[in-house]
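Reviewing the structure listed below.
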Amino acid sequence: MPHAVGVSLAAKMDKKDIVSFVTLGEGSSNQGDFHEGLNFAGVHKLPVITMVENNKYAISVPLKKQLACEQVSDRAKGYGMPGITVDGNDPLAVYDVVKQARERGISGEGPTLIEAITDRYTAHSSDDDDRLYREKGEVEAAKKKDALQSFAVYLRDTGVLTDEKEEALHKEVEQIVNDATDYAEQAPYAEPEDALKYVYEEV
Ligand SMILES: Cc1ncc(C[n+]2csc(CCOP(=O)(O)OP(=O)(O)O)c2C)c(N)n1
Ligand SMILES: [Mg+2]
């Protein structure tokens, strides 16, 4: 949040057509940075879009124990910006609200908070056993709404996606991921002094 808001402040000062975009989990939206960032962005009408992916759990903590209000988007009011809740499993609906938020940012109207409702199909990490805090049925039901599946069906129905295109796409994605993995695994460790970079202006 602080970085995204800082980038949008720089864009406004430099009169550049930039809208910054930041995503975080709903659990992260309960921490200080989120609120300071939104407040600063709201006060200064900065071109930043904040998207909270609300999958209803912060590791094992359910939404009811995270928020005192109903929705994450309700918090936008306190920071003087629109707060929109969208079905995060519907790519076209998400595209629509992000596009509108971008137009707001570009035209100088300021920031937008978007809450995309979605689901987590696995435990938080390999250290987390989600059978301890949620029913198996809940996860099974959520998987049926997986946008990767439902959007693929939609694209097939509308004739956009074919077997050949899907295979080519998977190959391309696999290649990109493999290349990035190789690049990262072969990259040298950062120099310790690098930790001091980009904090203070270097004169
Ligand atoms: C500043 C900070 N505080 C606490 C943690 C420990 N922590 C890691 S993930 C997490 C919960 C994140 O919840 P959410 O953003 O909803 O992500 P999800 O569990 O849905 O993946 C916490 C508290 C952390 N990584 N950093
Ligand atoms: Mg979460």
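Just so you know, residue 1 is the first one in the sequence shown, and it goes up from there. In listed order, ligands and their atoms are each counted from 1. Predicted model only: the values in this text are computed from it and were never measured.
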Query raised in the report: Is the closest protein non-hydrogen atom to atom 23 (C) of ligand 1 under 4.0 Å?
Result: no
Requested in this report: Determine, counting only non-hydrogen atoms of the protein, whether one lies under 4.0 angstrom from atom 2 (C) of ligand 1.
Outcome: yes
**Report entry** Under-4.0 Å heavy-atom contact between protein and atom 10 (C) of ligand 1
**Finding:** yes
Query raised in the report: Would Thr85 and Glu115 count as having a side-chain donor-acceptor pair, cut-off 3.5 Å?
Result: yes
Query raised in the report: Applying a 4.0 Å heavy-atom criterion (strictly less than), which segment of Glu26 is in contact with ligand 1: side chain, backbone, both, or neither?
Result: both
Query raised in the report: Backbone or side chain, does Tyr57 get an N/O/S atom under 2.8 Å to the Mg ion (ligand 2)?
Result: yes
Query - Carboxylate-amine/guanidinium contact Asp96 Lys99, below 4.0 Å - result: no
Requested in this report: Tell me, please, if Ser28 has any N/O/S atom, main chain or side chain, under 2.8 Å from the Mg ion (ligand 2)?
Outcome: no
Report summary line: Nearest non-hydrogen contact to atom 8 (C) of ligand 1 from the set Ile59, Val52, Leu24 belongs to Ile59
**Report entry** Backbone of Thr118 reached by a side-chain donor or acceptor of Lys56 within 3.5 Å
**Finding:** yes
Report task. Tell me which one of Ser28, Ala58, Ala123 gets a heavy atom nearest to atom 15 (O) of ligand 1. Result -> Ser28
Report task. Decide, yes or no, whether a salt bridge links Lys144 with Asp119 under the criterion of side-chain N to carboxylate O below 4.0 Å. Result -> no
**Report entry** Nearest non-hydrogen partners of Tyr121 and Asn89, listed with the distance
**Finding:** OH-OD1, 4.1 Å
**Report entry** Nearest-neighbour protein heavy atom for atom 26 (N) of ligand 1, which is reported as residue plus atom name and distance
**Finding:** Gln31 OE1, 4.5 Å
Query - Proximity of Tyr133 and Tyr57 rings by center, below 6.0 Å - result: yes
Requested in this report: Flag yes if more than 12 heavy atoms outside Glu140 fall under 6.0 Å of its CD atom; otherwise flag no.
Outcome: yes
**Report entry** Tyr154 backbone acceptor or donor facing Thr158 side chain under 3.5 Å
**Finding:** yes
Query raised in the report: Would you say atom 6 (C) of ligand 1 has a protein heavy atom nearer than 4.0 Å?
Result: no
Report task. Can you sort out which atoms of ligand 1 are near Tyr57, meaning under 4.0 Å from one of its heavy atoms? Result -> 16 (O), 18 (P), 19 (O), 20 (O)
Query raised in the report: Taking atom types as modelled, is there a side-chain donor on Asp182 or Gln186 under 3.5 Å from an acceptor on the other?
Result: no
Requested in this report: Return the residue, atom name and 0.1 Å-rounded distance of the protein heavy atom closest to atom 14 (P) of ligand 1.
Outcome: Gly27 N, 3.5 Å
**Report entry** atom 19 (O) of ligand 1 [closest protein heavy-atom partner, distance rounded to 0.1 Å]
**Finding:** His124 ND1, 2.8 Å
Query raised in the report: For ligand 1, which part of Asn55 has a heavy atom less than 4.0 Å away: the side chain, the backbone, both, or neither?
Result: side chain
Query raised in the report: So, is Glu26 placed with an N/O/S atom under 2.8 Å from the Mg ion (ligand 2), counting both backbone and side chain?
Result: yes
Query - Presence of salt bridge, Asp163 and Arg156, under 4.0 angstrom - result: yes
Query raised in the report: If you measure from each non-hydrogen atom of Arg120 to ligand 1, which part falls under 4.0 Å: side chain, backbone, both or neither?
Result: side chain
